[in-house]
Number of protein chains: 2
Amino acid sequence: MASTIKDVAKMADVSISTVSRVINDSKPVSPEARRRVLHAISVLDYKPNEVARSLVTKKSNIIGVIVSDIGNQYVSQVLRGVEEIGRMYNYDILLSSSYDDPEVEIKFANLFSQKQVEGIIIISEILNQKLLYKLDEFKIPCVVINRFYNVDEAPTVTINNKAASYNMTDYLINMGHKSIGYVAMRKDMDRTNEKYKIRGYRDAMRAAGLKPSTLYCEGLTEADALELFEEHEDDFRKGKYSVLFCSQDLMAVHLMNVMRDHGMEIPEDMSFAGFGGSTLSDIYRPKLTTVKEPYYDIGAVAIRKLFKMLDKKNTDKSEEMILLPVEIIKRQSVVDLNDKK
Amino acid sequence: MASTIKDVAKMADVSISTVSRVINDSKPVSPEARRRVLHAISVLDYKPNEVARSLVTKKSNIIGVIVSDIGNQYVSQVLRGVEEIGRMYNYDILLSSSYDDPEVEIKFANLFSQKQVEGIIIISEILNQKLLYKLDEFKIPCVVINRFYNVDEAPTVTINNKAASYNMTDYLINMGHKSIGYVAMRKDMDRTNEKYKIRGYRDAMRAAGLKPSTLYCEGLTEADALELFEEHEDDFRKGKYSVLFCSQDLMAVHLMNVMRDHGMEIPEDMSFAGFGGSTLSDIYRPKLTTVKEPYYDIGAVAIRKLFKMLDKKNTDKSEEMILLPVEIIKRQSVVDLNDKK
DNA sequence: CTGTTAGCGCGTTCAC
DNA sequence: GTGAACGCGCTAACAG
């Protein structure tokens, strides 16, 4: 059995209050007593029981994080930021993967509240209103990180999808491209931030007097890419598009693969731009021009926001949305048509 | 303020003991009393405070996981297994990234022990004897997951690196390759499991009457790959090797990139095999033949082992090593030389 | 400066 | 079957 505050008190021949005082440095203690306590602590290798402490102080120093899937690259990058900043403030992370099941998320919220977490961060693709409602009911502060949805019920950290998409499109135009196709996920349309990305693309095209054209893809698998390719093969061969701007890096890579499999040269026959800034975009050849999302920063900002809410629980009720800047990474997957003139 | 057991007792007009009994189903309670308690619980939306509970039962239902870097693909895949199985047993995961700093790992071990975690899983590249010693001192059960080191001080879950490497080499030989080069990380040699991989390769080569040849690479970056290429360019051009078996997928991919950049055709001029089974290996073209490590299973088995240790703390002191089977994934990066005959 | 006391919320004797 | 009382390990008044 580990030693308790009592053991220390006994050995140092003081009361437990005095021990508590030197541990927390909460009240003045005579040098002599402090010395004896410190000595006893080191001899007994005493470490305060945080559970008992939490019970009385009502501070667990734990943040609950509910993610869709920890195995997801995007999620783990964000989590990195959350974890590191949390650590700076002496907070631990209680982690759970919901696999995007709303009911499971609610179950976790319950569990976490029972474990007395002080706040919760949600990294999820789905929008779980019921969960937010529940958290509000529990009075547990909460910050949402979501690539897809805009949430009004809680502070959210994300990027300005529309501006990012606008800027990338603008860049492509500056590279001399006029026939720019946008590849979007069909299943994510309407309900998600995808629509903001598309809007940015369309706005940029129209501002340049060009005609936007969107292709829809069912999912993120290679098969989905193949399907999209076959559907539009004629257009691709005829050179209807000089570049495809894909709403996700992975889709761009799959499409490049498929086109190559069908004898097209990349980027000569078709330029590509992605969205995300995944490590894959840097490893693949040609290196993919893409919109780099600041994953780490998103996590870091989110937990900082959470701490702020913890501080002044009453005042800062601003359920704002924090938008982080993105970076357009210019690589070889986009050919400069200006050179050809 | 959330309601407590007292509130429930008051409303149900029973003592807190009775409430506790129906919650834990620990002792018989009259149907009538139970009904009233249940009703009060639902009305008050009462949920037991797990912190208070832990304090008295000495069971936190929390497992601490110390990882090198949660942003690492390998780590997050393993964590998935840990998390999911942990959940099945109603355990939560307290997560922290050490970034491979031994001192930080020890700090976490202390923190975790103060938070009364019941066990700890370590997913790290480094071998931290001091940490293991400390955990032993705390009497906190611990399982180690390590791709590189063999640990004797605690149960370890890993794969049979030597056998895996042997089998892959054997496969390459069967594909008609005779001049098989092995690419290893220099910095990981000797101290790590890398040596087992090399041994497997060498044994397989010798068993087939072939001469092993190892090339050393400094690290995992593209620059490292380039350096290795330049160092051995002559050999590569002269066809000294028909295939390179790389100790990590990423290195294989970087090397393929570099060789292509220098005008070589892959896999025509050089076949490639990797180790890891990363998602990248399936996305890259040509798809990479590789040894697929069962990341999820490794995590799942590790936490199961931990639970076993928690069960019968005294009996199961076996500090064994659990080896999981791997799979050789045959893809297009290795050409079949037998066809050419 | 210090020790005594009263809880925090809950599980668990031990009498009734 | 049930409730009163104690204690888990600790912090926070409260007197002194």
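A, B, ... follow the sequence lines: proteins, then strands. Residue 1 opens every chain. Computation of the quantities below employed the complete heavy-atom set of this structure, encompassing side-chain atoms and omitting hydrogens, waters and symmetry-equivalent molecules. Remember, predicted model here, so these are calculated numbers, not experimental data.
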Discussion item. Taking the basic N atoms (NZ, or NE/NH1/NH2) and the acidic carboxylate oxygens, is any pair closer than 4.0 Å for B/E105 and B/K130?
Written reply: no
Worksheet item: Nearest to the side chain of A/P28, which nucleotide is it out of C/dC1, D/dC8, D/dG9?
Response: C/dC1
Discussion item. Over all strands shown, is B/S20 touching base, sugar-phosphate only, or nothing at heavy-atom distances under 4.0 angstrom?
Written reply: base
Discussion item. Assuming nearest nucleotide by heavy-atom distance, tell me which of B/T57 and A/K58 is located more 5' along DNA chain C.
Written reply: A/K58
Worksheet item: Where the side chain of B/I5 is defined as all heavy atoms beyond and including C-beta, which of D/dG1, C/dG11, D/dG9 is the nearest nucleotide?
Response: C/dG11
Worksheet entry | Where B/Q77 and A/G71 come nearest, the two heavy atoms and their spacing | NE2-O, 3.1 Å
Item to complete: Kindly point out which of D/dA4, D/dC14, D/dT11 is positioned nearest to the side chain of B/S15?
Response: D/dA4
Practice prompt. Mind calculating the distance between NZ (A/K10) and P (C/dT4) to the nearest angstrom?
Written response: 13 Å
Discussion item. If I take atom CD1 in residue A/I23 and atom C1' in nucleotide D/dA12, what distance separates them, rounded to the nearest angstrom?
Written reply: 14 Å
Response to the item:
When rounded to whole Å, the CZ to P distance for the pair B/R21 and C/dT13 reads 11 Å
Item to complete: Could you tell me whether B/K59 and B/E50 have a side-chain N and a carboxylate O separated by less than 4.0 Å?
Response: no
Discussion item. Checking A/N72 against B/R80: is there a side-chain donor and acceptor pair closer than 3.5 Å?
Written reply: no
Fill in: Phosphate OP1/OP2 of C/dC10: any B/R53 side-chain N/O under 4.0 Å
no
Fill in: N or O in side chain of B/T4 less than 4.0 angstrom from C/dC8 OP1/OP2
no
Practice prompt. Under 4.0 Å between any heavy atoms, over every strand shown, what does A/V14 touch: base, sugar-phosphate, or nothing? Just pick one.
Written response: sugar-phosphate
Item to complete: May I ask you to decide if the ring planes of B/Y295 and B/Y74 are parallel, tilted or perpendicular, using 30° and 60° as cut-offs?
Response: perpendicular
Worksheet entry | Proximal nucleotide (of D/dC10, D/dT2, C/dG9) relative to the B/L55 side chain | C/dG9
Worksheet item: In whole angstrom, what separates A/Q114's CD from C/dG9's C1'?
Response: 13 Å
Worksheet, complete the sentence: To the nearest angstrom, the CD-P distance between A/E50 and D/dC8 comes to 19 Å
Discussion item. Can you see if the side chain of B/N49 gets near the phosphate of C/dC8 - specifically, an N or O under 4.0 Å from OP1 or OP2?
Written reply: no
Worksheet item: What is the distance, rounded to the nearest whole Å, between atom NZ of A/K27 and atom C1' of C/dT2?
Response: 10 Å
Worksheet item: Between A/S26 and B/V29, who's closer to the 5' end of DNA chain D by nearest nucleotide?
Response: B/V29
Discussion item. Distance criterion of 3.5 Å, no angle test: do you see the side chain of B/R34 paired donor-to-acceptor with the base of D/dG1?
Written reply: no
Practice prompt. Using a 4.0 Å heavy-atom cut-off across all strands, classify B/I16 as base, sugar-phosphate, or nothing.
Written response: base
Fill in: Donor/acceptor link under 3.5 angstrom from B/S17 side chain onto base of D/dA4
yes
Worksheet item: How is B/V56 classified with respect to the nucleic acid when contacts are heavy atoms under 4.0 Å: base, sugar-phosphate, or nothing?
Response: base
